[in-house]
A.B. asks: 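Input: one structure, supplied below.
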Number of protein chains: 2
Amino acid sequence: MKSNKIKIVLADDHRMMIDGLRSMLSDEKDLEVVGVAYNGKEALEAVLKHNADVLITDYNMPEMNGLELTEALQKVKPDVKILVLTMYGDITHIEEMLQAGISGYILKNTGNDELINAIHKLHNGGTYYDDEVAQEIFRSLKDNSIKKQNVEKVNLTDREKEIIQLISQEHNNAMIGDMLSISERTVESHRKNIYRKTNTNTIIGLLKFAFANGLVK
Amino acid sequence: MKSNKIKIVLADDHRMMIDGLRSMLSDEKDLEVVGVAYNGKEALEAVLKHNADVLITDYNMPEMNGLELTEALQKVKPDVKILVLTMYGDITHIEEMLQAGISGYILKNTGNDELINAIHKLHNGGTYYDDEVAQEIFRSLKDNSIKKQNVEKVNLTDREKEIIQLISQEHNNAMIGDMLSISERTVESHRKNIYRKTNTNTIIGLLKFAFANGLVK
DNA sequence: ATAAAAATCCGTACTGGTACGGATATTTGA
DNA sequence: TCAAATATCCGTACCAGTACGGATTTTTAT
């Protein structure tokens, strides 16, 4: 084997960023930058060509952005660890990137030692998420609770919630009537009241309300 | 004013835990344990009675668990900061607790200094989440990607996805036809194909698929 | 006790979407 | 280059749900 160094590919559309990272990483004995790329497509090729262990990538890039790049790599080479290195502004993409399969997320204003630490963690099968990023995630999780306040204000009755459940299970009014031993007409009335209370007027709006408020999973 | 100490209430059904925490916190000059409780109900009363700044609570408690306690406090005294202190096993409750309004989550095997640090952070309007807890959250966010594999296997065309979007925006077939400058009949055909591919046969099932796969937010 | 809220029920005309069973043109990938 | 996939389009009968505008009984909270 030629070496046991961790093989890294850098992807960023800012040449200066790439140069800075490369010189910084070259000081580390167990790391080796085997390729660089200025857009997502080149990054994909470089990772495959050099059989890289870790890809360090920006989100915003021409041709193919970080998300598309991640998705593509998951298909053809899922063992490569992906560390996203972005500015704070791009943090909005964190959730989709996580779901696409990245292993770490770190901000560009983070110190060198943190970056190197992150690379090692990823290479050992671990994950690394910047503190600020973690905070942001927690904040957004909390924000979901705002939506839930809807359902409490709307004051749906138990019967109405029950009927929403059954509607969402793809039962029609006649079936729901049978199941609850009430007239189809009564179900219609409940439905009308539900629409009024939830401020919707189509089954689609109702379903969206139900999802947003955790009435349906 | 009697004092400027941070007023703390401790809630845990294990007396030993309470005693340990109390003696530990009593060493800190700017903290004061103003009340203790062995269940959620007592905790609620104690917080209100002593006008506490911070509540440190377990999740599992008799009478009223940590979630119910948090929800109750948010209604009657939303300014109290809630720090959840649990064993790793209770980590599954983290998401609902976050949505209920806690400001911090810390594990019982964490060191004293971390706990005191967390209390100060909360009292200053900040948040504190244990590293392990953060990891868990990230892991569960990633797990959501499992669902998304559906949508990739199903191989919906761009046009079909576009139409799903428009359907979910409560447009009917005629409107969608106008918007895309195609016949209503064509929209119907796409709809049929979408149902076939997604293995559904009602608008409800389709919406559920779209939500589960992130096609609609 | 009693008023308000919730749950129950109905007729009739109308609209949006489905089922069924096609056909033709355009893109795209191997 | 050429087959497969995708996108386009149509007729007709039918069904589920809506709109509109009610009424009566039961439950719940004060």
Side-chain angles (χ1 to χ4, degrees), chain A residues 41 44-45 63-64 68 71-72 75-76 150-210 213 215-216, chain B residues 75 150-211 213 215-216:
Chain A
K41 266 193 175 161
L44 181 58
E45 287 159 15
E63 296 281 334
M64 191 186 231
E68 293 161 331
E71 286 171 344
K75 281 184 191 160
V76 296
N150 280 340
V151 82
E152 275 154 31
K153 280 188 188 151
V154 163
N155 260 323
L156 290 165
T157 66
D158 287 347
R159 194 56 146 181
E160 286 162 351
K161 285 182 196 164
E162 191 177 13
I163 286 172
I164 291 177
Q165 294 287 333
L166 293 170
I167 290 173
S168 76
Q169 284 160 34
E170 297 175 56
H171 301 299
N172 63 26
N173 289 345
M175 287 166 83
I176 294 173
D178 282 350
M179 293 165 120
L180 301 181
S181 300
I182 57 178
S183 153
E184 183 178 348
R185 253 48 220 301
T186 306
V187 182
E188 282 176 23
S189 292
H190 283 304
R191 228 175 154 123
K192 274 188 281 191
N193 291 330
I194 290 166
Y195 282 159
R196 185 176 42 74
K197 286 187 180 180
T198 59
N199 209 26
T200 55
N201 52 358
T202 67
I203 181 65
I204 298 169
L206 176 58
L207 262 280
K208 283 175 14 183
F209 174 90
N213 291 286
L215 293 175
V216 183
Chain B
K75 281 184 192 160
N150 280 340
V151 82
E152 276 154 32
K153 278 185 190 153
V154 162
N155 260 323
L156 291 165
T157 67
D158 286 346
R159 195 57 148 179
E160 285 162 350
K161 285 181 196 164
E162 191 177 13
I163 285 172
I164 291 176
Q165 294 287 335
L166 294 170
I167 290 173
S168 76
Q169 285 160 32
E170 298 175 54
H171 301 299
N172 64 26
N173 288 346
M175 287 165 82
I176 295 173
D178 281 350
M179 292 164 121
L180 302 181
S181 300
I182 56 178
S183 153
E184 182 178 348
R185 255 44 222 301
T186 306
V187 182
E188 283 175 22
S189 293
H190 284 304
R191 229 176 154 121
K192 275 188 280 191
N193 290 331
I194 291 167
Y195 283 159
R196 185 176 43 72
K197 286 187 180 180
T198 59
N199 209 26
T200 55
N201 51 358
T202 67
I203 182 66
I204 298 168
L206 176 59
L207 261 280
K208 279 160 53 171
F209 174 90
F211 267 101
N213 291 285
L215 293 176
V216 183

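Naming: A, B, ... by sequence-line order, numbering from 1 per chain.
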A.B. asks: Kindly compute the distance separating CD (B/E188) from NZ (B/K192), expressed to the nearest 0.5 Å.
C.D. replies: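 B/E188 atom CD to B/K192 atom NZ measures 7.0 Å (nearest 0.5 Å).
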
A.B. asks: Does B/D158 or B/E188 map to a spot on DNA chain D nearer the 5' end, using the closest nucleotide for each?
C.D. replies: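 Its nucleotide being nearer the 5' end, the pick is B/D158.
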
A.B. asks: Quick one: which residue pairs count as a side-chain hydrogen bond (donor to acceptor under 3.5 Å, both in side chains) with a foot in residues 171-183 of chain A, not counting sequence neighbours?
C.D. replies: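 Residue pairs with at least one partner in residues 171-183 of chain A: A/N173-A/R191.
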
A.B. asks: Please list, for nucleotides 21-30 of chain D, all pairs of protein and nucleotide N/O atoms separated by less than 3.5 Å.
C.D. replies:
| from | atom 1 | to | atom 2 | distance (Å) |
| --- | --- | --- | --- | --- |
| D/dG21 | O6 | A/K192 | NZ | 3.0 |

A.B. asks: How long is the span from the CD1 atom in B/I176 to the CD1 atom in B/I163, to the nearest 0.5 Å?
C.D. replies: 6.5 Å

A.B. asks: Within the 4.5 Å heavy-atom criterion, are A/E162 and A/D158 side-chain neighbours or not?
C.D. replies: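 Not in contact.
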
A.B. asks: State, yes or no, whether a side-chain contact exists between B/L180 and B/T186 at a heavy-atom distance under 4.5 Å.
C.D. replies: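 No. Closest side-chain heavy atoms not under 4.5 Å.
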
A.B. asks: Could you check how far CD1 of A/I164 sits from C1' of C/dA7, rounded to whole Å?
C.D. replies: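 So the two atoms are 15 Å apart, to the nearest Å.
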
A.B. asks: Can you check the A/H190 NE2 to C/dC9 C1' distance for me, whole Å?
C.D. replies: 10 Å

A.B. asks: To the nearest Å, give me how far apart CZ (B/R196) and C1' (C/dA19) are.
C.D. replies: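 Roughly 15 Å, once rounded to whole Å.
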
A.B. asks: Between CG of B/L207 and CG of A/L206, what distance do you get to the nearest 0.5 Å?
C.D. replies: 9.5 Å

A.B. asks: End-to-end bend of the helix from C/dA1-D/dT30 to C/dA30-D/dT1 (five-pair axes, 10° rounding)?
C.D. replies: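 Axis-to-axis angle, ends of the helix: 80°.
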
A.B. asks: Take the protein atom CD of A/E184 and the nucleotide atom P of D/dG17, then report the distance between them rounded to whole Å.
C.D. replies: 7 Å

A.B. asks: How long is the line joining CG of B/N193 and C1' of C/dA19, in whole Å?
C.D. replies: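 For the pair B/N193 CG and C/dA19 C1', the rounded distance is 14 Å.
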
A.B. asks: Between A/K161 and A/L215 (side chain of the first, backbone of the second, donor and acceptor by atom type, cut-off under 3.5 Å), is there such a pair?
C.D. replies: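 No: the side chain of A/K161 does not pair with the backbone of A/L215.
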
A.B. asks: Heavy-atom count around A/K41 NZ within 6.0 Å, excluding the residue itself: above 12?
C.D. replies: no

A.B. asks: Side chain of B/I182, heavy atoms from C-beta onward: which of C/dC9, D/dC9, C/dA7 has the nearest atom to it?
C.D. replies: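 The nucleotide sitting nearest to the side chain is D/dC9.
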
A.B. asks: Could you run down the sub-3.5 Å N/O contacts of the protein with nucleotides 13-15 of chain D?
C.D. replies:
none

A.B. asks: Which heavy atom in B/I204 sits nearest to a heavy atom in A/S168, and how many Å separate them?
C.D. replies: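 So the two residues come closest at CG2-O, 3.6 Å.
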
A.B. asks: Check the distance between D/dG17's C1' and A/L207's CG and give it to me in whole angstrom.
C.D. replies: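 In whole Å, D/dG17 C1' lies 14 Å from A/L207 CG.
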
A.B. asks: How many angstroms lie between CG in A/L156 and CZ in A/F209, if you round to the nearest 0.5 Å?
C.D. replies: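 These two atoms lie 5.5 Å from each other.
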
A.B. asks: Within the structure provided, determine whether B/R159 and B/I182 are in side-chain contact (heavy-atom separation under 4.5 Å).
C.D. replies: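 Yes, side chains in contact.
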
A.B. asks: Looking at C/dT18, I'd like to know if its phosphate oxygens (OP1 or OP2) sit under 4.0 Å from a side-chain N or O belonging to B/Y195.
C.D. replies: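 The answer is yes; a side-chain N or O of B/Y195 sits under 4.0 Å from OP1 or OP2.
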
A.B. asks: Taking the side chain as everything from C-beta on, heavy atoms only, tell me whether B/T157 gets closer than 4.5 Å to B/N193.
C.D. replies: no

A.B. asks: What is the distance, rounded to the nearest whole Å, between atom CD1 of A/I203 and atom P of C/dT18?
C.D. replies: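 Rounded to whole Å, this separation is 13 Å.
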
A.B. asks: Choose from D/dT18, C/dT8, C/dC10 the nucleotide whose nearest atom is closest to any side-chain atom of A/R191.
C.D. replies: D/dT18

A.B. asks: Base, sugar-phosphate, or nothing for A/S183, non-hydrogen atoms under 4.0 angstrom?
C.D. replies: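 Contact class for A/S183: sugar-phosphate only.
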
A.B. asks: Of all heavy-atom pairs between B/A210 and B/I164, which one has the smallest distance, and what is that distance?
C.D. replies: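 Scanning both residues, the minimum pair turns out to be CB-CG2, 4.0 Å.
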
A.B. asks: Suppose we screen for side-chain hydrogen bond (donor to acceptor under 3.5 Å, both in side chains). Which residues come up paired with A/T202, at least two apart in sequence or across chains?
C.D. replies: B/E170

A.B. asks: Between D/dA5 and B/T157, is there an OP1 or OP2 to side-chain N/O distance shorter than 4.0 Å?
C.D. replies: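 Checking B/T157 against D/dA5: no side-chain N or O falls below 4.0 Å of OP1 or OP2.
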
A.B. asks: Expressed as a whole number of angstroms, how long is the span from B/E160:CD to D/dT8:P?
C.D. replies: 10 Å

A.B. asks: Tell me, which of residues 170-178 of chain A have any heavy atom that sits under 4.0 Å from an atom in DNA chain D?
C.D. replies: A/N172, A/N173

